Peer 1: 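Pasting a structure below so you can have a look.
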Amino acid sequence: MTEDSPSIPQADAEDKLWGGRFEGATDALVEAYGASIAFDRRLYREDIAGSIAHARMLAAQGIISADDCDAITTGLGAIEAEIAAGDFEFREDREDIHLNIEAALAERIGEPARRLHTARSRNDQVATDLRMFVRAACDEASELLAALRRALLDLAEREAETVISGYTHLQRAQPVLLPHHLQAYEEMLTRDAARFRAARATANVLPLGSGALAGVGYPIDREFVARELGFDAIAANSLDAVSDRDFVVEFHAAAALTMVHISRFAEEIVLWASAEFGLVHLDDAFSTGSSIMPQKRNPDVAELARGKSARTIGNLVQALTLLKGQPLAYNRDLQEDKEPIFDTVDTLLATLAVVAAMLPNLRFDAARGREAAAGDFALATDLADHLVQRGVPFREAHEAVGSLVAECERTGRTFEDLTLDDYRAAHPAFGDEVLSLDIEASLAARSATGGTAPERVAEQREAARARLREESA
Ligand code: ARG
């Protein structure tokens with residue numbers, strides 16, 4: 001039906017659906033200031049699903065007739081198709097997605113549309129829509145997280161033998177397997193996945209049936225609606241139900257922390273791709289050039305991922321700040337919950353996808369990794385451990401090796417240049433196995449659970465794959 005349908009008065013400003021007690025028109029500035037249709041149109045599917053479930057319940061309970069219910073559900077189905085096809089005209093004077101759809105339904109089916117809002121308020125309606133949206137976002141995030149975790153494990157498998165320097169304080173510390181380092185990120189993302197499952201559970205409670213704030217006086221069946229819409233439970237307190245946005249905060253928190261983990265990894269890619277580290281080379285498809293410096297190859301994806309984490313952190317803080325001053329129950333402030341969560345969902349999902357795609361394109365320079373792993377006396381702890389095995393107290397061993405390092409630095413030598421006599425001068429307990437101490441021995445020695453010994457790292461990887469399979473089962 002078109003805008004000039006005879007049953008609908010088409011003044012410049014049509015009567016508001018809430019306009020009964022008003023005589024004057026809304027100021028144009030106020031209308032523009034309050035309209036959320038530009039962004040909350042994104043909730044149209046959830047809004048229509050919620051309305052269909054509500055109408056079916058009203059009919060099942062004898063609150064509206066079966067015929068009215070049929071007209072409503074058919075009309076809503078047509079509107080959904082129209083919106084999906086891009087043929088729907090969203091109107092700012094109709095404020096938000098709820099009123100746009102309800103007014104369009106009235107144009108289309110007339111009288112029955114005016115019964116749809118029985119036993120419902122936009123306050124429980126919008127809370128329901130947003131919970132469905134966040135629930136779906138949690139599922140998408142979990143799937144993309146699983147793909148990223150798989151990509152990390154595949155890369156770890158491909159680089160099973162690659163050794164790099166491990167760092168503390170960004171100073172070369174001890175050799176580690178590159179897979180051990182990559183799998184550390186897989187651990188973080190596994191915890192993130194659990195946080196999205198928890199956020200989903202928090203979101204999956206049905207507010208509809210709470211009315212504006214105090215509950216409704218019709219014989220509704222909230223369990224029916226919960227079943228129709230896939231909610232696990234119904235909200236127990238109507239005041240809480242219409243004003244609670246904890247699920248928004250929990251989603252933001254899970255997303256911001258995931259983005260912080262990705263940002264840390266991105267920072268390492270940026271470092272590793274520099275000439276100073278020289279550890280990784282980015283394929284053409286995942287790097288960009290400079291418009292002025294012809295030689296440049298920049299790790300833009302990593303930089304953007306690191307940069308985009310900032311807005312997700314900002315959005316988390318926005319949500320907490322939005323809530324802190326609000327008295328019960330619904331306040332219009334809550335309309336401000338939407339743009340940031342849409343932004344975070346888009347940022348998170350795009351980042352998870354692009355980083356997963358980037359991983360197979362990383363080419364590591366294994367020789368360079370090995371050089372760094374053995375450089376700067378990185379085997380010093382192993383020398384001290386060697387003395388400890390021969391009965392020397394650890395603190396004494398630490399001191400003896402420290403003096404060896406100082407001696408080497410003074411004379412411009414590395415451990416490889418030292419003779420057994422040099423070692424024995426630092427401590428008499430050194431045995432000749434010190435001369436064959438190398439990176440492989442250092443790695444193999446760290447064989448306690450969680451360590452970088454090759455068989456431990458392979459076990460950790462298998463365990464990670466097993467839990468991924470379990471999660472998707
Ligand atoms: N657009 C509103 C929001 O996003 C919908 C609820 C409006 N409720 C009201 N009583 N004005 O929060």
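Any value given below was found using the heavy atoms of this structure, including those in side chains, with hydrogens, waters and symmetry copies removed. Both counts, for ligands and for their atoms, begin at 1 and track the order of listing. Only a predicted model underlies this, so the values are computations on that prediction, with no experimental measurement involved.
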Peer 1: Give yes or no for whether the N/O distance cutoff of 3.5 Å, strictly under, is met between Arg332 and ligand 1.
Peer 2: no

Peer 1: Report the distance from atom OH of Tyr44 to atom CD1 of Ile37, rounding to the nearest 0.5 Å.
Peer 2: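 Between atom OH of Tyr44 and atom CD1 of Ile37 there are 12.0 Å.
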
Peer 1: Should the pair Phe22 and Trp18 be assigned to parallel (<30°), tilted (30 to 60°) or perpendicular (>60°) ring geometry?
Peer 2: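 Judged by the thresholds at 30° and 60°, the geometry between Phe22 and Trp18 is perpendicular.
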
Peer 1: If you count every heavy atom of other residues, nucleotides or ligands that lies below 6.0 Å from Glu268 atom CD, does the total exceed 12?
Peer 2: yes

Peer 1: Mark up the atoms of ligand 1 that fall under 4.0 Å of a heavy atom belonging to Ser36, in ascending order.
Peer 2: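 Every atom of ligand 1 under 4.0 Å from some heavy atom of Ser36: 1 (N).
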
Peer 1: Would you mind running through ligand 1 and noting each atom that sits below 4.0 Å from a heavy atom of His98?
Peer 2: 5 (C)

Peer 1: For Arg122, run the salt bridge (charged side-chain N to carboxylate O under 4.0 Å, His left out) check against Asp47, Asp129, Asp96 and tell me which one passes.
Peer 2: Asp96

Peer 1: Answer with side chain, backbone, both or neither: which part of Asn123 has a heavy atom less than 4.0 angstrom from an atom of ligand 1?
Peer 2: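 Asn123 to ligand 1: side-chain contact only, backbone stays beyond 4.0 Å.
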
Peer 1: Would you call Glu102-Arg115 a salt bridge at under 4.0 Å N-O?
Peer 2: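 Answer for the salt bridge query: no.
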
Peer 1: Check the surroundings of atom CZ in Arg45: do more than 12 heavy atoms from other residues, nucleotides or ligands lie under 6.0 Å from it?
Peer 2: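 No, the 6.0 Å shell around CZ holds no more than 12 heavy atoms from other groups.
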
Peer 1: Report yes or no: does a heavy atom of Trp18 sit under 4.0 Å from some atom of ligand 1?
Peer 2: no

Peer 1: With side-chain hydrogen bond (donor to acceptor under 3.5 Å, both in side chains) as the rule and sequence neighbours excluded, what pairs involving residues 347-361 come up?
Peer 2: none

Peer 1: Less than 3.5 Å between some nitrogen or oxygen of Gln335 and one of ligand 1, yes or no?
Peer 2: yes

Peer 1: Among all protein heavy atoms in this structure, tell me which lies nearest to atom 11 (N) of ligand 1, with the distance rounded to 0.1 Å.
Peer 2: Arg122 NH2, 3.5 Å

Peer 1: Who's the nearest protein heavy-atom neighbour of atom 12 (O) of ligand 1, and how far?
Peer 2: Tyr330 OH, 2.4 Å

Peer 1: List every atom of ligand 1 that sits less than 4.0 Å from any heavy atom of Lys338, numbering the atoms from 1 in the order shown and giving each element.
Peer 2: 3 (C), 4 (O), 12 (O)

Peer 1: Glu95 versus ligand 1: do any nitrogen or oxygen atoms come within less than 3.5 Å of each other?
Peer 2: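 No; every N/O pair is 3.5 Å or more apart.
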
Peer 1: List ligand 1 atoms under 4.0 Å from Asp96, heavy atoms only on the residue side.
Peer 2: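 Those qualifying, in numeric order: 1 (N), 2 (C), 5 (C).
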
Peer 1: Would you confirm whether Asp40, through its side chain, and Ile97, through its main-chain N or O, come within 3.5 Å as a donor-acceptor pair?
Peer 2: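 At least one qualifying donor-acceptor pair exists.
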
